[in-house]
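This is a predicted model, so every value here is computed, not measured. Starting from 1, each residue takes its place in the sequence as its number.
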Amino acid sequence: MKDTNKYRIDILCAACVATILTFMIVDIVESRQAKDRIKTIMERARSDFRIEILNSMDRVLTYVALCIRSRAGSVSNVTQEMVAQFKKEYQLDEINFADRNGVIQATTHKEQLHYYMGTDPDPKKAAGFLCLINDTVWYTQPPRITVNADDAYRKFIGIRMDGGYLQVGFDFKRLSEDLSRLLSDIALEWHVSGKGFFILADEESGEVISDGRYSVYQVIRHLSMKRTLWTLGFSKEILNYPSNYVFEANVFGTPSFCTSFPIPESGHRVCMIVPQSEVIHAKNVSVWTTMGVLIVIFALVTMIALRLVTLQERAEIERQAEEERRNKDLALASSIQAAALPNHFPPFPQIADCVDTYAMMHPAREVGGDFYDFYFISKSRVAFLVADVSGKGIPGAMFMMRAKTTLNDLLTSNGDNLGRAVASVNERLAEGNDANMFVTAWVGVLDVDTGRLEYVNCGHNPPILQHVNGKYEWMRTVSGLPLGVFGGTNYQHKVLQLHPGDKLFLYTDGVTEAQSHDGFYGEERLLEKISTFTGNSKATCNLISQDITAFAENVPQADDITVLDFQFHGVRRVFPCNSEGMCAAEEFLYDLDVDPRLSIVVDEILSNVVRCSGSPTFEMTFLRHGSHKNLVIADQGHPFDPLSLPDPDVNAPLEARKVGGLGIFMVKQLAEHVSYQRDGERNVLTVQIKV
């Protein structure tokens, strides 16, 4: 007990000495910092004041642009006469209607008609408005010199509309004609620090328009008197001061800190005033507040010190227990999530020759919010998707499981209309979504028999499509809202015809936003890497995963990384084994735009199948793997190997040749390789031709 009391006395003495020394130091430091703080506050207020002026102008221009867009309807409807009417009615200085390519279709400046706004690539000029072609709704620029012959200092704003976008502009100098009232209102409403205020005056004469407490327009006129900055205590030297310079002056007889700056192209000058007494008062409050806090802190130090070891030991025990429970929960969630994702490849053995699919997911934490999936929704239709949940950790994993299950259920039961099925998924996820979580997704359904792909993009990254001719492109279609954001949202599916050899690469934003010390992985690097590789789906996914790892070096992974590669190799169709079936098969090949040699081969083979096999139907599969095209024809007739027939002697006289075998001989000559096998109850003939 004696040691404890002695310890408390020592702490109290140390606290008293420290308090006195701290008071002296804080008083000196706060006196210096108070002046620096008021300079910072005034600089920030000056910046905010200018921003408020530009925002006020933006609101006016936005309202005018919305009115014009509402009346115009679509860019294709606008005529030069309508533009002239809008200019006169809304008192605008420039109006431009541009189409989806950024080309001006109607304008107040006829010399700009059919002008492409991206001619000058400077984003601070007309090219900046090209963002409205994509997903940007409105876009505004600071005042700038226009490219027109008048070279006016003009303020522009643009807004997206049907068929392109609308750009309107006011001459900044003409706006300044109504700027006095706007600036006066702002000066009256804005304050600097506590008792600080603004003074608005004429730049040339120095006549005061508003002093931050009342409007001279409303009061001084009745007093029949005029006041200027010079009569309030300012000197004319402020006209030469930099905009960020803080000086001292006696304003209204009160020593104050001041700064002054002009409003460009308006003819006005703004002065900010903060009384020095407020700065000193704030400094004193800060000093005494600091002292009070220190006294309370030192009073509590003794009790805290005596119990510190006990509290630390207890906290460590609780932390370890909580960490153990958390690790168990995360391990369980991770195992559940891993089990929920498809991990058997190839996923569709029955159509493995037509479709090759592979996917992988690398969570940034123990559990992730990304997921992928693929499954049959009917006998010939396959659904595949990649999605990204907004949350992470346990909450994100729970929402991910809910989204995955809901998508599976509703796509399987309502897959005949993909847009309606996705809308139903959105309704389910939006119900009871108190955490305001959402999921972006790209969902596709492929008919293996025809190659017809239906897809819906719900706010997700655009996939990469490789055509059979080797050309790569982004599937940048207009995206719908992410799932779970709002109920009652409609989703329209889009259709794409895939041809044998086409490939789709899907991914989440963890790929393009993977970071290294040099920046982001990015879309350009992703497309470059994909376009130089021709391997199967598994090799493609491994290639991108390894390249991201090499790119990131030792930078920790910030987001889940998920990739899915879907390769469509061919289509399969069953025909009746008769002449009508032969015609339908020939049309089937014609629609696929196959090599003419295959048409000749098919005609010869099908003639034998229809005439001799006795099968009720025959099956035709067209595949493309790399540089080869394969045609597989199968029937359920009696066993017959056409390749076992001897080749005819084409050099023998016609009367000496045996009947038969010539058609198969032609097939062998035209094809690079022909093979036959008896597969159960089926005859299977495979013909390969090099592209």
Practice task
Measure the shortest side-chain to side-chain distance between His493 and Arg420 over non-hydrogen atoms and say whether it is less than 4.5 angstrom.
Solution key: no
Rounding to 0.5 Å, atoms CD1 (Ile133) and CZ (Arg160) come to a distance of 11.0 Å
Exercise. Angle class for the Phe348/Phe374 ring planes (parallel below 30°, perpendicular above 60°, tilted otherwise)?
Worked result: perpendicular
Between the CG atom in Leu446 and the CZ atom in Arg381, the distance rounded to the nearest 0.5 Å is 9.0 Å
* To do: Please lay out, stage by stage, how Asn683 and Tyr676 fare under the test side chain to side chain donor-acceptor pair (under 3.5 Å).
  => CA-CA 7 Å; Asn683 296 306; Tyr676 167 84; 2.5 Å; yes
Quiz prompt | Side-chain touch Gln677/Arg682, heavy atoms, less than 4.5 angstrom | solution = no
Separation between OG1 (Thr549) and CG (Asn554), nearest 0.5 Å, reads 11.0 Å
When rounded to the nearest 0.5 Å, the distance separating CD of Gln167 from CE of Met117 is 4.0 Å
| query | Between the main-chain N or O of Ser545 and the side-chain N or O of Asn542, is there a donor-acceptor pair closer than 3.5 Å? | reply | no
Before you tell me yes or no, could you show the steps for Asp370 and Thr508 under side chain to side chain donor-acceptor pair (under 3.5 Å), namely the whole-Å CA-CA distance, both residues' side-chain angles and the distance that decides it to 0.1 Å?
CA-CA 8 Å; Asp370 286 4; Thr508 58; 2.8 Å; yes
| message | Are the side chains of Pro342 and Asp373 in contact, using a 4.5 Å heavy-atom criterion? | response | yes
Q) Under 3.5 Å, side chain of Thr405 to main-chain N/O of Arg402, donor-acceptor pair present? A) no
**Request:** Indicate whether the side chain of Asp547 and that of Tyr521 have a donor and an acceptor atom separated by less than 3.5 Å.
**Result:** yes
Flag side-chain contact, heavy atom, 4.5 Å: Val64 against Ile68 | yes
Would you say Asn490 and Gln492 are linked by a side-chain donor-acceptor pair, where the criterion is simply a distance under 3.5 Å?
no
For this session: Identify whether the distance between the nearest side-chain nitrogen and carboxylate oxygen of Lys503 and Asp565 falls below 4.0 Å.
Result: no
Hits for side-chain contact (heavy atoms from CB on, under 4.5 Å) against Ser479, two or more places apart or cross-chain, chain-then-number order -> Asn457
### Task
Could you check whether the rings of Phe129 and Tyr165 sit parallel, tilted or perpendicular, using 30° and 60° as the cut-offs?
parallel
Notebook entry, point to check: Hey, does His517 have a side-chain heavy atom less than 4.5 Å from the side chain of Val555?
Noted result: yes
| So, do Met475 and Lys494 sit near enough that their side-chain heavy atoms are less than 4.5 Å apart? | no
To the nearest 0.5 Å, atom CE of Met437 lies from atom CG of Leu429 at 11.0 Å
Notebook entry, point to check: Is there side-chain contact between Tyr116 and Leu130, with at least one heavy-atom pair below 4.5 Å?
Noted result: yes
Residues Val78 and Ala72: closest non-hydrogen pair is CG2-CB, 3.8 Å
**Asked** Does any non-hydrogen side-chain atom of Leu481 lie less than 4.5 Å from one of Phe486?
**Response** yes
Exercise for review: Answer yes or no: is there an ion pair linking Lys529 with Glu524, defined by an N-O contact shorter than 4.0 Å?
Suggested key: no
Sorted by chain and residue number, the salt bridge (Lys or Arg N to Asp or Glu O under 4.0 Å) partners of Asp559 (sequence neighbours excluded) come out as Lys392
- Task: Measure up the Phe566 and Phe384 rings against each other and bin them: parallel (under 30°), tilted (30 to 60°), perpendicular (over 60°).
- Result: parallel
Under the side chain to side chain donor-acceptor pair (under 3.5 Å) rule, what do Asp509 and Asn461 come out as? Steps first, then yes or no, please.
CA-CA 7 Å; Asp509 55 11; Asn461 305 79; 5.5 Å; no
Taken to the nearest 0.5 Å, the spacing of Leu543 CG from Ile530 CD1 works out to 6.5 Å
